Structure formats: C-alpha cells, structure tokens
Amino acid sequence: MSELFFARRFNTGNARKLQIRLSEKVIQKDCFSEPIQYVGGVDIAYDGKESIGAVAVFEYEQMKLVETATSRQTTTIPYIPTFLSFREIPPAVSAFKKLQRTPDVVLVDGQGIAHPRRLGFASHLGLVLDMPTIGVAKSVLCGEVRDNGGKRWKPLVYKGNVIGAAVETRPHVKPVYVSVGHKVSLESAIKIVLHCARGYRIPEPLREAHKEAERGKGGKS
DNA sequence: GCGACAG
DNA sequence: ATCTTGTCGC
C-alpha cells in the first residue's frame, strides 16, 4: 500500500533537479585499464508488481559467459519517460552486489547522456556504482541521427551537440543507440559495443542479461 | 498550447 | 516493459 502511494507521489520536480546536478559529474573519458578483461550487461524485467534485475558478465576477448546474478524486488516507482533510472536502478544495483567478479565496463539497457538532461539510466547507474558504463538503447529518446557517410555508425545530435551514435551492429538492421554512460568516451563505447555484438543486433551481455531476467520471473532471487 | 517520450 | 498468432526464412 505504501509503495503504491509512493509511486503516485513520485516527485518529478526533485528528480529533475537531481538529474541536472548529477549530470555534471559524468566523466566522458576512458577510466578503465586495457586490455578489457570482463564486460557486463544489465537488464530489468517485470513480473506483475515486481522487478527482476539481472547482470551477465562475459570474458571480453572470447565473449564467453562467466557469471550471472539476479535480484527480485517490489517495483517502487512507475515508468515515466526521462525518469526511467529511478525505477530501474534499485534492482540493477541489487543484482550487481551479488557478483563475484567486477566487470571493467558495463553495457546498460537504456540511454547514457543521450537524454534531455544528460542523465539516462546508464549514466545514473554508472555514477551510483562508480563504474564505466555504456548506454545501449533500442530506440531514440531525444535527438536526431545525422546522415553521414556509409560508416557503421552515425552521430546522434541534440540541440547542436553529439550525444551519442546510431550503431549498425548488423548489416541492414535497425541500429542500436549508443551513448556515453560514465567513465568512457563515445569512441570507446562504440568500439566495445561492436565487439560485443556477435550475430545479433543486441550485444551479447545485454542479450544474456535479458534472458536471465526472464528466467527470474515466477520465482525468487 | 501540442506532441513526443529509453524500458 | 508486457501481451500475443501466425508467418517467413536460414
């Protein structure tokens, strides 16, 4: 009962101010050691009133799954466009705490700084975990793709600034929208996403995290 | 004021 | 996100 009340009273005004304040702390430079050894993927699934957070960790070079972790808890905040992170961070962080190995960089299902206030789920999560994160979204939240040459990626521009890139992970397939989450440059983010995409539009760590979250439905974790 | 709007 | 039948193609 209290959760529902809290959800209805979610204060977008305060959340908006927090986003603006936090967005200034986002670091857009590579803050991880090379070569990358482990990459993680985070995704959230919903089962009725509960959220299932899942994390999958892959060995970078071979792209082999080495570990997964999930966490199931009551959903506390409703989905409100541009405030997705407040809803998904709790289950994501909870799943992360169960990991044995800490990935060097994490792919997140959503936008990084490609957000109206430059603080999408991937950036917010990166700040909370103090870890390098990359936003990988399946559709655009804001901005427009600038038609450039025949590269594998095109810049996503919003109000005159490049906030991310539409990356064609597979030929002739709808692109995924990559943006800086935290502690990584856009160039590296694109390179990492392309490395992790093996035969499918969605990078392996995210595909696996999605499957893991689906498996968490109808049970506990 | 109106329309758009990650998952 | 979630629900949901059939269909096309490797």
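Any value given below was found using the heavy atoms of this structure, including those in side chains, with hydrogens, waters and symmetry copies removed. Quick caveat, the model's predicted, so the values are computed rather than measured. Note on naming: letters A, B, ... go to the chains in the order of the sequence lines (proteins, then strands), and numbering restarts at 1 for each one.
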Cation-pi geometry met for A:R87 and A:F121 (6.0 Å, 45°): no
In whole Å, I'd like the distance from the CG atom of A:D109 to the P atom of B:dA6. 12 Å
Taking C:dT2, B:dG7, B:dC5 as options, the one with an atom nearest any side-chain atom of A:E214 is C:dT2
Looking across every strand, which nucleic acid part, if any, lies under 4.0 Å from A:A45 by heavy atom: base, sugar-phosphate, or nothing? sugar-phosphate
What verdict does the ring-ring contact (aromatic ring centres under 6.0 Å, His included) test give for A:Y158 and A:H115, after you've listed the backbone C-alpha separation in whole Å, the side-chain angles of each residue and the deciding distance to 0.1 Å? CA-CA 9 Å; A:Y158 182 58; A:H115 176 281; 9.3 Å; no
Taken to the nearest whole Å, NZ/A:K49 to P/C:dT2 is 18 Å
How long is the line joining CD1 of A:I44 and P of C:dA1, in whole Å? 11 Å
Flag this pair as yes if the NZ/CZ of A:R207 is under 6.0 angstrom from the six-membered ring centre of A:Y200 and inside a 45 degree cone about the axis; otherwise no. yes
Nearest whole Å is fine: how far is B:dA6 P from A:Y46 OH? 13 Å
Identify which nucleotide among C:dT2, B:dC5, B:dG7 has an atom closest to any side-chain atom of A:L141, counting heavy atoms from C-beta outward. B:dC5
Dot-bracket for DNA chain C, 5' to 3', counting Watson-Crick or G-U wobble pairs under 3.5 Å, with [ ] for crossing pairs and | for inter-strand pairs? ..........
Rounded to the nearest angstrom, tell me the gap between atom CD1 in A:I52 and atom C1' in C:dT2. 12 Å
Please tell me whether A:V93 and A:M131 are part of a single hydrophobic cluster in this structure, the criterion being side-chain heavy atoms less than 4.5 Å apart. yes
A:Y158 atom OH is separated from B:dA6 atom C1', nearest whole Å, by 13 Å
Centroid distance under 5.5 Å and plane angle under 30°, A:Y177 vs B:dA6: no
Rounding to a whole Å, what distance do you find between A:I202:CD1 and C:dA1:P? 9 Å
Looking at A:H210, I'd like to know whether one of its side-chain N or O atoms comes within less than 4.0 Å of OP1 or OP2 on B:dG7. no
Please say which of A:R117, A:H124, A:R118 ends up in a side chain to side chain donor-acceptor pair (under 3.5 Å) with A:Q19. A:R117
So, is A:K138 near the phosphate of B:dG7, with a side-chain N or O under 4.0 Å from OP1 or OP2? yes
Using the rule that Ile, Leu, Val, Met, Phe, Trp and Tyr join whenever any side-chain heavy atoms are under 4.5 Å apart, tell me whether A:I44 and A:L129 fall into a single cluster. no
If you compare every side-chain N and O of A:S139 against the phosphate oxygens of B:dG7 (OP1, OP2), does one of them come in below 4.0 Å? yes
In whole angstroms, how far is the P atom of B:dC5 from the CZ atom of A:R87? 19 Å
Which part of the nucleic acid, if any, lies within contact of A:F83, taking any heavy atom under 4.0 Å across all strands shown: a base, the sugar-phosphate backbone alone, or nothing? base
How far apart are the C-alpha atoms of A:F86 and A:F10, what are their side-chain angles, what is the distance that settles it, and do they pass the ring-ring contact (aromatic ring centres under 6.0 Å, His included) test? CA-CA 10 Å; A:F86 294 90; A:F10 179 70; 5.6 Å; yes
